[in-house]
Amino acid sequence: MALFIDTDLCTNMGACEPECPHTAIYDVGEYWKFSDGTSLSGQVKNLNGEVIDADVINKPLSDESYFIVADKCTNCIGEYDEPQCAAVCATDAPTLITGLEEEDKSRLIKKKEWLTEEQYNLDL
Ligand code: SF4
């Protein structure tokens, strides 16, 4: 499962943001794109088979705390032994998302491939 940042715990210290291998973490009120820090560019097929524009600028997911874009979060699988954002957070604010459709290991590995391999870019 992806992680989210618990707004009750986050003190906006920002230690997590530079640690994310997929630029899934953004500052308070920051606009974001799927192409930020990934191999995605232009028209891409997402994991559900839908075509999206990875360069579209999306609205911030929080105006109160740092936030994680779940579709860019892989739980650091295949790259680190533990979620890097949680490892550096002094207040344990990055927390596993619960209540959403569970992402198993194979889905997280597929997401990592999607974020890091250019094969999903349709504009090549
Ligand atoms: S668990 Fe890893 S991939 Fe997910 S937001 Fe944290 S650092 Fe980024």
Side-chain angles (χ1 to χ4, degrees):
M1 281 178 278
L3 274 71
F4 83 106
I5 291 179
D6 186 332
T7 52
D8 289 338
L9 296 175
C10 180
T11 59
N12 294 327
M13 63 184 283
C16 57
E17 185 184 7
E19 302 300 326
C20 179
H22 305 299
T23 315
I25 304 172
Y26 290 85
D27 200 348
V28 184
E30 190 175 1
Y31 287 75
W32 63 274
K33 297 182 288 187
F34 279 106
S35 58
D36 294 335
T38 71
S39 295
L40 302 172
S41 174
Q43 301 282 301
V44 300
K45 243 184 197 175
N46 67 17
L47 294 183
N48 296 323
E50 302 155 345
V51 176
I52 63 166
D53 186 342
D55 296 316
V56 160
I57 299 170
N58 298 289
K59 288 182 180 169
L61 300 183
S62 176
D63 289 323
E64 296 175 12
S65 70
Y66 277 71
F67 61 89
I68 294 173
V69 177
D71 285 343
K72 297 181 77 178
C73 173
T74 61
N75 223 350
C76 289
I77 204 158
E79 286 161 313
Y80 298 100
D81 291 339
E82 60 181 335
Q84 294 300 284
C85 52
V88 298
C89 182
T91 63
D92 289 335
T95 310
L96 279 175
I97 288 177
T98 55
L100 296 179
E101 183 186 346
E102 190 165 332
E103 288 182 303
D104 61 17
K105 191 174 177 185
S106 64
R107 170 92 177 181
L108 291 169
I109 290 171
K110 190 83 182 160
K111 193 192 292 186
K112 175 183 174 283
E113 290 174 3
W114 182 64
L115 293 166
T116 58
E117 298 178 8
E118 294 183 352
Q119 60 175 309
Y120 297 94
N121 295 341
L122 302 177
D123 291 342
L124 290 177

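All ligand and atom numbering here is 1-based and tracks the order in the structure. Below, each value reflects all heavy atoms present in this structure, side chains not excepted, and no hydrogens, waters or symmetry copies.
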Side-chain donor-acceptor distances from residues 77-93 under 3.5 Å, at least two apart:
residue: Glu79; atom: OE1; partner: His22; partner atom: NE2; Å: 2.8
residue: Gln84; atom: NE2; partner: Glu82; partner atom: O; Å: 3.0
residue: Thr91; atom: OG1; partner: Leu9; partner atom: O; Å: 2.9

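- One finds the CD1 atom of Ile5 at 9.5 Å from the SG atom of Cys73 (value rounded to the nearest 0.5 Å).
- Here the rule is side chain to side chain contact (heavy atoms under 4.5 Å, CB included) with Phe34, and of Asp71, Asp53, Val44 only Asp71 fits it.
- Side-chain atoms of Phe67 and Thr7, non-hydrogen and from C-beta on, never get closer than 4.5 Å to each other.
- Around atom 8 (Fe) of ligand 1, the protein contributes the following N, O or S atoms at distances under 2.8 Å: Cys20 SG.
- Residues in residues 33-42 take part in these side chain to side chain donor-acceptor pair (under 3.5 Å) pairs, two or more places apart or across chains: Tyr26-Asp36, Ser35-Asp55.
- Judged as a ring-ring contact (aromatic ring centres under 6.0 Å, His included), and not counting sequence neighbours, Tyr66 has no contacts.
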